[in-house]
There are 4 protein chains.
Amino acid sequence: MPKVNKEHQELRRSQIIGATVKCIARKGFHQTSMQDIVAESRLSPGSIYTYFKSKEEIIKAVADRRLGNEKKIIADAFGSGDTSMALNRLVDTFFGQFTDEDVRTERSIGVQLWGEALCNPKVREIVQKGIEESRKSLTEILAAYQRRGKLSGDLSPDAVARVMLAQFQGFVLQIALDDRLDIDEYVKVVKHLISTGS
Amino acid sequence: MPKVNKEHQELRRSQIIGATVKCIARKGFHQTSMQDIVAESRLSPGSIYTYFKSKEEIIKAVADRRLGNEKKIIADAFGSGDTSMALNRLVDTFFGQFTDEDVRTERSIGVQLWGEALCNPKVREIVQKGIEESRKSLTEILAAYQRRGKLSGDLSPDAVARVMLAQFQGFVLQIALDDRLDIDEYVKVVKHLISTGS
Amino acid sequence: MPKVNKEHQELRRSQIIGATVKCIARKGFHQTSMQDIVAESRLSPGSIYTYFKSKEEIIKAVADRRLGNEKKIIADAFGSGDTSMALNRLVDTFFGQFTDEDVRTERSIGVQLWGEALCNPKVREIVQKGIEESRKSLTEILAAYQRRGKLSGDLSPDAVARVMLAQFQGFVLQIALDDRLDIDEYVKVVKHLISTGS
Amino acid sequence: MPKVNKEHQELRRSQIIGATVKCIARKGFHQTSMQDIVAESRLSPGSIYTYFKSKEEIIKAVADRRLGNEKKIIADAFGSGDTSMALNRLVDTFFGQFTDEDVRTERSIGVQLWGEALCNPKVREIVQKGIEESRKSLTEILAAYQRRGKLSGDLSPDAVARVMLAQFQGFVLQIALDDRLDIDEYVKVVKHLISTGS
DNA sequence: TATGAATGAGGGTTCATTCAT
DNA sequence: AATGAATGAACCCTCATTCAT
């Protein structure tokens with residue numbers, strides 16, 4: 001019964017990743033020990049090592065989950081409807097998430113992953129991939145905007161995509177460091193810049 | 001001879017901080033052991049502990065140096081001359097730095113510090129302070145812009161400052177992850193947004 | 001299975017304390033390193049730290065064991081039988097032990113504990129408690145002796161108890177420093193003093 | 001001028017020993033570091049090593065000083081006058097000291113030396129020598145007492161000397177651990193035992 | 001598959017001692 | 001003779017990982 005086992009395996013992996021995310025949110029990346037994960041997941045060390053080869057594998061899985069959630073947001077924003085409002089829809093979707101406590105928690109782990117990416121090739125690969133995909137989707141939209149004259153012809157769609165992405169990334173950082181940030185005002189500015197992009 | 005001692009002390013501290021920065025850039029924050037710093041600085045463990053009470057103190061000093069450099073850049077950009085061109089001057093100064101290899105190294109450590117700040121109160125304080133100061137300077141400039149009609153009256157100068165800051169922070173992250181980023185194109189977009197801010 | 005675990009735990013703790021006692025007897029208190037205890041106990045450092053939180057905890061446990069043995073001797077001597085011969089029985093029990101090599105070893109650690117007690121509050125508490133209990137038991141007996149006219153009414157039973165205790169303590173020190181001490185002659189003197197106490 | 005140098009040397013050695021005694025009284029034997037002695041003596045490490053080969057040499061010197069003071073007390077008590085009252089004079093001299101704070105401090109270091117003696121041959125030699133000399137002096141006196149019929153012929157003067165010594169040693173320990181001990185009552189008991197020694 | 005006691009390399013730190021000045 | 005910065009072996013302890021049950 002490979003299916004049952006697979007399901008069971010995924011359940012356990014998910015349980016472990018969830019416990020790890022909680023620990024990281026609480027204590028930080030490197031301050032989270034295997035014992036912490038053991039305690040949080042209510043599994044034994046031996047059991048955890050049945051599902052993950054090493055602590056690094058768990059971290060990789062955490063990063064993968066982060067990437068997966070990212071993709072879903074982009075898909076949600078772009079997947080349906082006309083392109084003309086895609087940017088505004090993306091902005092609403094993206095910033096809208098941050099009212100959810102869990103999203104904020106996971107996003108703050110994302111900040112830690114950025115640092116980790118710089119010295120951990122496996123994590124780097126995942127983080128880079130996530131950023132690149134977002135950037136490419138944005139670039140596509142912006143190229144369409146440009147064709148419709150909604151974006152100045154002088155600008156490189158790719159560079160604009162990077163700047164917009166930066167507006168998202170910087171926001172993630174700022175809200176992680178100080179959650180009193182006024183999201184609505186921030187969004188207003190971002191949308192203003194979009195509307196005057198031409 | 002207090003002067004000689006002080007100078008000597010500063011020299012050694014600087015030597016240790018420099019070695020630590022190199023190690024962190026190479027291996028990351030938590031992967032850098034005292035032995036690494038010992039090897040890189042060509043000092044003995046005992047000697048290092050004459051100048052810093054603990055590993056944490058060294059890390060704090062690294063963060064402090066990061067903050068100090070940040071302040072200098074802002075001071076350079078705002079310190080002299082008229083306000084009307086302050087933003088453009090800041091943008092040139094800020095992005096101009098990144099042609100320097102050492103600045104890039106230090107900036108990538110800055111990214112790691114963001115992650116560290118989330119779970120290390122001492123580091124958090126320093127990082128937050130740095131961001132806050134930058135934001136306040138930006139807000140002042142933007143308020144002046146607004147008074148002169150160069151920024152839409154609908155927007156909160158503070159929120160605009162945050163978004164601009166995000167454009168800097170996101171850039172730091174993106175270039176740390178991929179140094180092939182085309183800086184000039186990025187700057188062009190940022191300046192375009194400044195010029196159409198009204 | 002709490003019982004099995006408890007038993008196992010006690011076994012290991014006992015093993016570690018035993019090894020530590022051997023090390024201390026051989027090298028002294030502060031000259032005994034964790035590595036010594038590791039080598040003597042044939043456990044790993046990590047394993048030892050499963051059963052004791054720190055080196056200090058082990059030392060405290062050694063002191064506690066010392067105290068426990070002390071209590072047993074006193075209980076054995078006083079526990080049963082009439083009070084009239086209690087002192088003689090105690091003397092026989094106490095000095096009789098010293099033919100046992102292990103007792104001598106442990107007693108010599110007791111001497112080291114005296115010194116440690118003077119600058120280690122945790123150890124001090126244990127040592128003081130041990131001495132106090134012995135003294136109180138002795139005082140009770142001596143008060144009974146006095147009531148029966150077997151001890152001069154001029155003397156304070158508590159002070160006599162202290163002097164008797166000193167005869168025990170000084171003996172412990174002297175035999176630790178020179179095991180050729182003639183125990184029988186010493187006991188003869190102590191008993192003579194008891195018999196002429198009136 | 002070898003004499004001047006000798007004097008100077010003795011002065012410095014004395015200064016160092018004094019500083020060490022203070023440190024030991026405050027923090028204990030092994031908790032006293034060379035840096036503590038450096039700070040207390042207001043000398044430099046290098047300077048201290050000019051006068052003592054090692055930390056162990058300083059400890060030996062501390063033990064030697066302890067022994068010297070001991071000898072002086074015994075000499076004072078026995079040196080002059082008739083033998084018949086020697087024991088009472090010794091008892092008065094010995095216990096009389098303990099009203100002096102400094103003596104108590106030094107005596108408590110003596111307790112630490114007992115422990116140290118058990119695992120440090122150099123210290124052991126000094127401590128044993130001190131005890132042995134005291135014992136021999138006592139034995140002589142007691143032999144004289146016995147000849148005069150003031151001590152039961154059944155008892156070995158040496159063993160009686162040991163028991164008396166123990167009364168001194170145990171007292172030193174007890175007062176080090178609890179300085180509220182009533183010295184006068186203790187002395188009364190000791191003198192009572194001397195007077196009924198026959 | 002699950003357990004959790006055991007492992008031991010490696011972590012940060014201290015401190016007796018040295019030696020160039 | 002005096003200095004005090006420098007040394008580095010050795011300290012106590014942690015934690016990712018293993019394996020007998």
Side-chain angles (χ1 to χ4, degrees), chain A residues 4-5 8-9 12 30-39 41-59, chain B residues 1 4-5 8-9 11-12 30-39 41-59, chain C residues 1 4-5 8-9 11-12 30-39 41-59, chain D residues 4-5 8-9 12 30-39 41-59:
Chain A
V4 170
N5 282 340
H8 177 76
Q9 184 160 319
R12 279 270 185 274
H30 291 278
Q31 284 71 34
T32 293
S33 69
M34 282 307 258
Q35 275 313 314
D36 291 328
I37 299 172
V38 163
S41 68
R42 299 183 159 282
L43 292 170
S44 63
S47 186
I48 288 176
Y49 276 86
T50 309
Y51 299 100
F52 290 97
K53 227 181 63 200
S54 68
K55 192 188 174 185
E56 171 146 15
E57 291 286 306
I58 303 178
I59 286 170
Chain B
M1 315 115 208
V4 171
N5 283 337
H8 176 78
Q9 182 160 314
L11 199 74
R12 279 274 182 272
H30 290 278
Q31 284 71 31
T32 294
S33 71
M34 283 309 276
Q35 274 315 312
D36 292 327
I37 299 173
V38 162
S41 68
R42 299 184 158 280
L43 289 169
S44 61
S47 192
I48 289 175
Y49 278 88
T50 310
Y51 300 100
F52 290 97
K53 233 178 56 206
S54 67
K55 191 189 174 187
E56 169 139 20
E57 290 285 306
I58 303 178
I59 286 169
Chain C
M1 316 115 207
V4 171
N5 284 337
H8 177 77
Q9 182 160 313
L11 198 73
R12 279 274 181 271
H30 290 278
Q31 284 72 30
T32 294
S33 70
M34 282 310 277
Q35 275 314 313
D36 292 327
I37 298 173
V38 163
S41 67
R42 298 184 159 281
L43 290 168
S44 60
S47 191
I48 289 176
Y49 279 89
T50 310
Y51 300 99
F52 290 97
K53 233 179 56 209
S54 66
K55 191 189 172 186
E56 169 138 19
E57 290 286 305
I58 303 178
I59 285 169
Chain D
V4 171
N5 283 339
H8 177 76
Q9 184 160 319
R12 280 270 184 275
H30 290 277
Q31 283 71 32
T32 293
S33 69
M34 281 308 258
Q35 275 313 315
D36 290 329
I37 298 173
V38 162
S41 68
R42 300 183 159 281
L43 293 170
S44 63
S47 186
I48 289 176
Y49 276 87
T50 310
Y51 300 101
F52 290 97
K53 229 179 62 202
S54 68
K55 192 186 174 187
E56 171 147 14
E57 290 286 307
I58 303 178
I59 286 169

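Throughout, a chain's letter reflects where its sequence line sits, starting with A, and its residues are numbered from 1. These numbers come from a predicted model, not from an experiment.
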Using side-chain contact (heavy atoms from CB on, under 4.5 Å), reason through D:Val38 and D:Gln35 one step at a time and then give a plain yes or no.
CA-CA 5 Å; D:Val38 162; D:Gln35 275 313 315; 4.0 Å; yes

If you round to the nearest 0.5 Å, how far is CD1 of D:Ile58 from CD1 of D:Ile37?
4.5 Å

Side chain to side chain contact (heavy atoms under 4.5 Å, CB included) partners for A:Thr50, two or more places apart
none

Going by the rule side chain to side chain donor-acceptor pair (under 3.5 Å), which residues pair with A:Ser33 if we only count those two or more places apart in sequence or in a different chain?
A:Asp36

For every nucleotide of nucleotides 15-21 of chain F, 5' to 3': is a protein heavy atom under 4.0 Å from its base (B), only from its sugar-phosphate (S), or from neither (-)?
BSBBB--

With sugar-phosphate meaning primed atoms plus P, OP1 and OP2, does B:Tyr51 contact a base, only sugar-phosphate, or nothing at under 4.0 Å between heavy atoms?
sugar-phosphate

Remember a base hit wins even if backbone is also touched, and classify D:Arg12 as base, sugar-phosphate or nothing at under 4.0 Å, heavy atoms.
sugar-phosphate

Calculate the interatomic distance between A:Arg42 atom CZ and E:dG4 atom C1'; express it in whole Å.
16 Å

Using atom CD1 of C:Ile48 as one end and atom P of F:dC13 as the other, report the distance to the nearest whole Å.
11 Å

Separation between CZ (D:Phe52) and CZ (D:Arg12), nearest 0.5 Å, reads 12.0 Å

Watson-Crick and G-U pairing of DNA chain E written in dot-bracket, each distance under 3.5 angstrom, with | for inter-strand partners:
.||||||||||||||||||||

List for me each residue that meets side chain to side chain contact (heavy atoms under 4.5 Å, CB included) alongside D:Ser44, sequence neighbours excluded, and say none if there are none.
D:Ser47

How close do A:Lys55 and A:His30 get, heavy atom to heavy atom, and via which atoms?
NZ-O, 4.5 Å

Residues passing the side chain to side chain contact (heavy atoms under 4.5 Å, CB included) test with D:Tyr49, sequence neighbours excluded, are D:Met34

Assign each of B:Asp36 and C:Leu43 the nucleotide of DNA chain E bearing its closest heavy atom; nearer the 5' end lies the nucleotide of C:Leu43

Quick one: B:Leu11 CG to F:dA5 P, roughly how many Å, whole number?
14 Å

